[in-house]
Amino acid sequence: MDQPTLIDKLERTRIRHSHRHPPVTNVNQAHAEALTPGQRIADSFAVVMGSWTFIIVQSVLLGALDHREPDRLDTSLGSPYPFILLNLALSFQAAYAAPIIMMSQNRQSAKDRLMAEQDYQVNTKAEEEVKAIMHHLEQQDEVMIDILRRIEDQHRTIMGALAIRQDGGANSAPA
């Protein structure tokens, strides 16, 4: 029976890499695709309300309305007419803005949790890949050491054969 060659041995022990995990998904894209139109509007609203542009426009409007001379006085309440209207508008704005912004923040928190979970999965996959690479490198080291041993054995055999020839040639030389 033929003895397996070194190449046959290497082919049998060769590690073939396989991905045993699902591909990495883009959480931001998956989250954006799952949003309803109402959720998209709430997120856009929260982005606008949380911007410097909104604060500056709001401040300019409030400043312009505050410095306006009242056209008439509301004698029943004792307050200038624009102040009551401004107070009503700001209360209305706050009553609707707060819950909408909170809905957006809750979705952002859920998205952050998904991203943390995905980071964990990616780190786990990376650890598996590194372990596979290290195992493969260790196997390559073993194969190289085996090859080196075989080369050294062949070297000793060749050097032994050369030494025998040189000794044999010296003994058979004419005296």
Side-chain angles (χ1 to χ4, degrees), residues 1-59 94 96-175:
M1 192 186 283
D2 290 333
Q3 188 165 0
T5 65
L6 179 60
I7 294 172
D8 294 333
K9 180 181 173 187
L10 293 177
E11 282 293 326
R12 278 194 319 275
T13 60
R14 183 175 179 192
I15 296 175
R16 301 282 183 186
H17 181 71
S18 63
H19 291 279
R20 292 177 300 244
H21 48 76
V24 176
T25 57
N26 183 344
V27 173
N28 292 320
Q29 183 180 3
H31 183 71
E33 290 171 357
L35 292 178
T36 65
Q39 291 171 331
R40 290 179 202 274
I41 291 169
D43 288 347
S44 298
F45 186 77
V47 167
V48 169
M49 294 276 301
S51 69
W52 277 106
T53 304
F54 177 81
I55 291 173
I56 291 169
V57 169
Q58 184 89 353
S59 299
Y96 279 93
I100 291 172
I101 291 171
M102 287 175 59
M103 287 187 292
S104 180
Q105 287 176 340
N106 288 341
R107 268 191 305 286
Q108 184 63 42
S109 295
K111 182 178 164 185
D112 291 344
R113 284 190 297 277
L114 285 174
M115 290 188 74
E117 177 66 26
Q118 185 184 29
D119 286 346
Y120 173 76
Q121 290 175 358
V122 167
N123 290 340
T124 302
K125 291 173 189 178
E127 184 179 2
E128 289 175 14
E129 296 289 329
V130 168
K131 283 180 183 177
I133 290 169
M134 292 305 297
H135 182 68
H136 183 71
L137 290 173
E138 288 170 2
Q139 184 186 29
Q140 285 182 349
D141 286 348
E142 290 172 12
V143 169
M144 286 191 288
I145 290 170
D146 189 38
I147 291 170
L148 183 60
R149 283 189 185 123
R150 289 174 183 251
I151 290 172
E152 286 177 345
D153 288 344
Q154 289 176 354
H155 180 69
R156 273 190 232 105
T157 303
I158 291 170
M159 293 307 286
L162 287 175
I164 291 173
R165 281 191 201 159
Q166 288 176 352
D167 289 341
N171 290 343
S172 61

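Everything quoted here is computed from the prediction, not taken from an experiment.
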So does R150 pair up with D153, basic N to acidic O under 4.0 Å? no

Using a strict cut-off of less than 4.0 Å between a Lys/Arg side-chain nitrogen and an Asp/Glu carboxylate oxygen, indicate whether K131 and E127 qualify as a salt bridge. yes

Roughly how far, to the nearest 0.5 Å, is [atom2] of [Y] from [atom1] of [X]?
X	Y	atom1	atom2	value
H155	L148	NE2	CG	11.0 Å
L162	T157	CG	OG1	11.0 Å
L137	H135	CG	NE2	10.5 Å
I145	E152	CD1	CD	10.5 Å
S104	I41	OG	CD1	12.5 Å
E128	N123	CD	CG	11.5 Å

Under the 3.5 angstrom rule, does the side chain of R156 hit a backbone N or O of I151 as a donor-acceptor pair? no

Might you point out which heavy atoms bring R40 and E33 nearest each other, and give the distance in Å? NH2-O, 4.0 Å

Would you check if [X] and [Y] make a side-chain contact, meaning some heavy-atom pair closer than 4.5 Å?
X	Y	value
Q39	R107	yes
I100	M49	no
R113	E117	no

More than 12 non-hydrogen atoms from neighbouring residues, nucleotides or ligands closer than 6.0 Å to OH on Y96, yes or no? no

Chi angles and distances behind the side chain to side chain contact (heavy atoms under 4.5 Å, CB included) call for H136, Q140: CA-CA 6 Å; H136 183 71; Q140 285 182 349; 2.9 Å; yes

